[in-house]
Amino acid sequence: MTFAIVASCGASLSTDPGPGPQPTTAQAPPRDALDGVQVKAGRYLYDLNCASCHGPDLLGASDWKTPDEKGAFPPPPLDSSGHAWHHPDELLADIIRGDRGYESSMPQFADSLDDAQIAGIIEYLKSTWGSDERDFQWQVTWQARNP
């Protein structure tokens, strides 16, 4: 799979992206295989902490694209049908911790989940994505780590 320069949500950066770190056109090395132990632990933590809002099947709320009266969006799907796979690992971890920088009704988990547990949840989510989504998400993760 070939990738263009991408940013969060897959936006092409064919024009000046503005101030800050500049994206790279370099291709990421092949992605690592998923860690089965981490996936299993992540699924357990997902079931305990995330499934009550995002659903046991990761499908989120049916109206996840429509903000409520306060402007907050309902829980999105976390499988391939959603948009989590558009984001680098570090942003997904920030969202789970609560370091989002935007309005959200999602609980913050910084005080109840450590970085390894959050990484396990992310690994579990990746295990539900298709190969193309995993390749794309690895590319944006690698680009975020190698500006």
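Counting begins at 1 with the first residue of the sequence.
Within the structure, no pair that satisfies the side-chain hydrogen bond (donor to acceptor under 3.5 Å, both in side chains) test touches residues 32-41, not counting sequence neighbours.
At distances below 3.5 Å, at least one donor-acceptor pair connects side-chain atoms of His54 with backbone N or O atoms of Pro76. Looking only at distances, a side-chain donor or acceptor of Thr141 sits under 3.5 Å from a matching main-chain atom of Asp89. No side-chain donor-acceptor contact under 3.5 Å links Thr128 to the backbone of Asp79.
Side-chain contact between Gln139 and Gln27: present, with at least one pair of heavy atoms (C-beta onward) separated by less than 4.5 Å. Thr66 has its side chain out of reach of Phe73: every pair of non-hydrogen atoms, C-beta onward, lies at least 4.5 Å apart. Lys126 has its side chain within reach of Gln137: a pair of non-hydrogen atoms, C-beta onward, lies under 4.5 Å apart. In this structure, the side chains of Phe136 and Asp132 stay at 4.5 Å or more apart for every pair of heavy atoms. In this structure the side chain of Trp129 never reaches within 4.5 angstrom of the side chain of Ser81, judged on heavy atoms. Between Ile96 and Asn49 the shortest side-chain heavy-atom distance does not fall below 4.5 Å. Counting heavy atoms from C-beta on, the side chains of Arg43 and Ile121 never come closer than 4.5 Å.
Between His83 and Trp64, the distance from one ring center to the other falls under 6.0 angstrom.
Evaluation of the salt bridge (Lys or Arg N to Asp or Glu O under 4.0 Å) rule for Asp57 yields no partner, not counting sequence neighbours. Every residue meeting the ring-ring contact (aromatic ring centres under 6.0 Å, His included) condition with Tyr46, not counting sequence neighbours, appears here in chain and number order: Tyr124. Taking Glu90 as the reference, Arg145 meet the side-chain hydrogen bond (donor to acceptor under 3.5 Å, both in side chains) condition, with sequence neighbours excluded. For Asp94, the salt bridge (Lys or Arg N to Asp or Glu O under 4.0 Å) test picks out Arg97, with sequence neighbours left out. With sequence neighbours left out, the salt bridge (Lys or Arg N to Asp or Glu O under 4.0 Å) criterion links Arg31 to Asp135.
Separation of atoms CG (Leu125) and OG (Ser80) is listed at 10.5 Å; rounding is to 0.5 Å.
Hydrophobic clustering keeps Leu78 apart from Leu59 (ILVMFWY residues linked when any side-chain heavy atoms are closer than 4.5 Å, directly or through intermediates).
Heavy-atom contacts from other residues, nucleotides or ligands closer than 6.0 Å to CG of Asp68 number more than 12.
Taking every heavy atom of both residues into account, Gln117 and Ser112 meet most closely at OE1-O, 3.8 Å. Shortest non-hydrogen contact noted between Leu34 and Ser127 is CD1-CA, 3.4 Å.
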